[in-house]
Amino acid sequence: MLHTAVREGTPLNALYPTPSPQEHEAWRQMQLNADRYYAETLLGAVKYLRLTMITHDRWKRPGWPEILIGLAVYALLLVSFGLLLGFLPQNDPVLLGVVGSTAGGFVGVGAFAAAFGLRIRALGPFGFRRVSPRWGMIAIGAGIIAYGLNLIIQFTYLTWFGSNDPQGILHAAARGGPLPFVLSFLGGAIFTPFGEEILFRGVIANALNRYGAFAGIVLSSIIFGLAHGVSVILPVAIMVGLLSAVLFRATGSVWPCVTLHCVYNGANSFASALGFSPMQ
């Protein structure tokens with residue numbers, strides 16, 4: 001052990017005169033010096049590794065660059081998707097609804113891909129991690145609660161402002177027959193929740209969580225709501241965003257958020273198809 005301890009390239013035992021076999025106290029002191037140096041070296045290595053891991057973790061977590069590029073690409077793709085809808089027959093709301101139901105999915109995935117490819121290029125830091133089945137059940141319950149709160153918000157809006165449905169084409173697709181319903185369900189209740197959650201929770205809420213619960217939950221939910229436009233959808237989207245952001249902060253995973261969103265959007269799809277939606 002003594003021969004392997006080095007200081008600036010010199011064996012540690014070479015820094016001290018070698019005592020004779022009879023000088024037991026000198027040998028003991030030399031052993032103590034070597035042990036102390038080993039301890040100091042090990043402590044320094046641990047501190048260095050901890051600092052490296054902290055710095056690495058900070059870099060490996062989404063930040064403002066990912067937020068900005070994600071939102072910029074989201075806005076660009078959303079405008080592009082709107083222009084695409086303009087080329088479709090405007091007198092066919094069912095077709096418009098089927099295509100429009102996939103907007104959030106394509107736009108969200110595209111914006112996430114831009115944020116993902118900017119620096120980190122690993123899914124784990126964006127919340128792609130497994131959670132226990134218990135959180136899946138909690139997410140399903142939260143999705144049902146979200147749908148109930150949605151009804152309250154919509155009926156309140158109708159009472160105050162009257163009917164002004166910005167999602168009429170989605171309702172038309174849900175009521176357009178078996179095939180349009182299935183296609184709009186896959187787009188609106190599966191693909192769109194996935195695309196929106198990996199962007200707004202996996203990137204935006206994730207990055208804002210470093211500033212505390214208010215930024216990670218409330219601020220990210222307001223951004224999510226504004227991304228859906230200023231209409232009755234705004235308070236509904238903020239409400240869904242709040243529930244989803246709470247789940248993400250509790251689990252660090254996007255999957256409970258996706259589950260909640262799928263249940264909520266799926267309930268809306270079935271309610272629309274069956275004529276239960278407040279706004280038809």
Side-chain angles (χ1 to χ4, degrees), residues 74 78-79 81-82 85-86 88 90-105 107-108 139-178 180-193 195-197 200-201 217-247 257-280:
Y74 181 88
L78 195 62
V79 171
F81 210 95
L85 288 178
L88 298 178
Q90 299 303 297
N91 60 349
D92 190 347
V94 173
L95 175 61
L96 292 173
V98 169
V99 177
S101 67
T102 66
V107 172
I140 291 173
I144 296 172
I145 292 173
Y147 180 71
L149 294 174
N150 158 70
L151 292 179
I152 295 174
I153 293 172
Q154 288 200 46
F155 280 122
T156 302
Y157 184 92
L158 282 172
T159 301
W160 288 357
F161 304 105
S163 179
N164 181 23
D165 186 8
Q167 295 185 326
I169 60 173
L170 301 182
H171 296 304
R175 299 191 304 268
F181 172 77
V182 170
L183 293 177
S184 65
F185 184 87
L186 291 175
I190 305 296
F191 187 39
T192 284
E196 291 185 345
E197 291 303 321
F200 288 98
R201 251 56 69 181
I217 296 175
V218 179
L219 183 56
S220 71
S221 300
I222 293 174
I223 295 172
F224 179 64
L226 291 173
H228 286 75
V230 181
S231 66
V232 64
I233 305 302
L234 175 61
V236 171
I238 291 177
M239 176 271 295
V240 173
L242 287 170
L243 294 174
S244 190
V246 168
L247 278 178
C257 310
V258 172
T259 300
L260 181 158
H261 205 150
C262 286
V263 170
Y264 169 76
N265 280 15
N268 272 298
S269 294
F270 277 105
S272 180
L274 297 174
F276 292 156
S277 179
M279 294 188 179
Q280 294 288 340

S.K.: Given the side-chain rings of F185 and F270, with only the six-membered ring counted for Trp, is the space between their centroids under 6.0 Å?
M.R.: yes

S.K.: For S220 and A245, which heavy atoms make the closest approach, and how far apart are they?
M.R.: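 Heavy-atom minimum between the residues: OG-CB, 4.0 Å.
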
S.K.: Kindly give the heavy-atom pair with the smallest separation between G225 and A237, and that separation in Å.
M.R.: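 The answer is CA-CB, 3.7 Å.
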
S.K.: Could you state the interatomic distance from CD1 (I145) to CG (L243), rounded to the nearest 0.5 Å?
M.R.: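 With rounding to 0.5 Å, CD1 (I145) is 7.5 Å from CG (L243).
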
S.K.: So which heavy atom on N265 is nearest to which on A189, and how close?
M.R.: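 Closest approach of N265 to A189, heavy atoms only: CB-CA, 3.8 Å.
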
S.K.: I want to check something: taking the side chain as every heavy atom from C-beta on, are V236 and Y264 in contact at a cut-off of under 4.5 Å?
M.R.: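 SC-SC contact between V236 and Y264 confirmed.
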
S.K.: Test V98 against every option in L88, L183, L170 by the side chain to side chain contact (heavy atoms under 4.5 Å, CB included) rule and name the one that passes.
M.R.: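 The side chain to side chain contact (heavy atoms under 4.5 Å, CB included) with V98 is passed solely by L183 among L88, L183, L170.
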
S.K.: When rounded to the nearest 0.5 angstrom, what is the spacing between NE2 in H171 and OG in S269?
M.R.: 9.5 Å

S.K.: Supply the atom-to-atom distance I238 CD1 to I233 CD1, rounded to the nearest 0.5 angstrom.
M.R.: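 Interatomic distance, I238 CD1 to I233 CD1, rounded to 0.5 Å: 11.5 Å.
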
S.K.: Compare every heavy atom of I169 with every heavy atom of L96, then report the nearest pair and how far apart it is.
M.R.: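 It is O-CD1, 3.7 Å.
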
S.K.: Which atoms form the tightest heavy-atom contact between A173 and S184, and what is the distance?
M.R.: CB-CB, 3.9 Å

S.K.: Sub-3.5 Å donor-acceptor pair from the side chain of S272 to the main-chain atoms of N268, do we have one?
M.R.: no

S.K.: What pairs with E197 under salt bridge (charged side-chain N to carboxylate O under 4.0 Å, His left out), at least two apart in sequence or on another chain?
M.R.: R201

S.K.: I need the S244 OG to L260 CG distance, nearest 0.5 Å.
M.R.: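 CG of L260 is found 5.5 Å from OG of S244.
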
S.K.: Any donor-acceptor pair under 3.5 Å linking the side chain of E196 with the backbone of V258?
M.R.: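 No: the side chain of E196 does not pair with the backbone of V258.
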
S.K.: Are P166 and V232 side-chain neighbours, meaning at least one heavy-atom pair lies under 4.5 Å?
M.R.: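 Heavy-atom side-chain distance check passes, below 4.5 Å.
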
S.K.: To the closest 0.5 Å, what do you measure between NE2 (H261) and CD1 (I190)?
M.R.: 11.0 Å

S.K.: Measuring from atom OH of Y147 to atom CD1 of I152, what distance do you get when rounded to the nearest 0.5 angstrom?
M.R.: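 Separation between the atoms: 11.5 Å.
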
S.K.: Taking all heavy atoms of T192 and all of G188, pick out the closest pair and write down the distance.
M.R.: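 Answer, listing the atom of T192 first, then G188: CB-O, 3.8 Å.
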
S.K.: Can you tell if the side chain of F81 reaches within under 4.5 Å of the side chain of V99, non-hydrogen atoms only?
M.R.: yes

S.K.: Which label fits H228 and F224: parallel for a plane angle under 30°, tilted from 30 to 60°, or perpendicular past 60°?
M.R.: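 Geometry flag for F224 against H228: perpendicular rings.
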
S.K.: A227: what forms a side-chain contact (heavy atoms from CB on, under 4.5 Å) with it, not counting sequence neighbours?
M.R.: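 Testing A227 for side-chain contact (heavy atoms from CB on, under 4.5 Å), a comparison that skips the adjacent residues, returns Y74, F200.
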
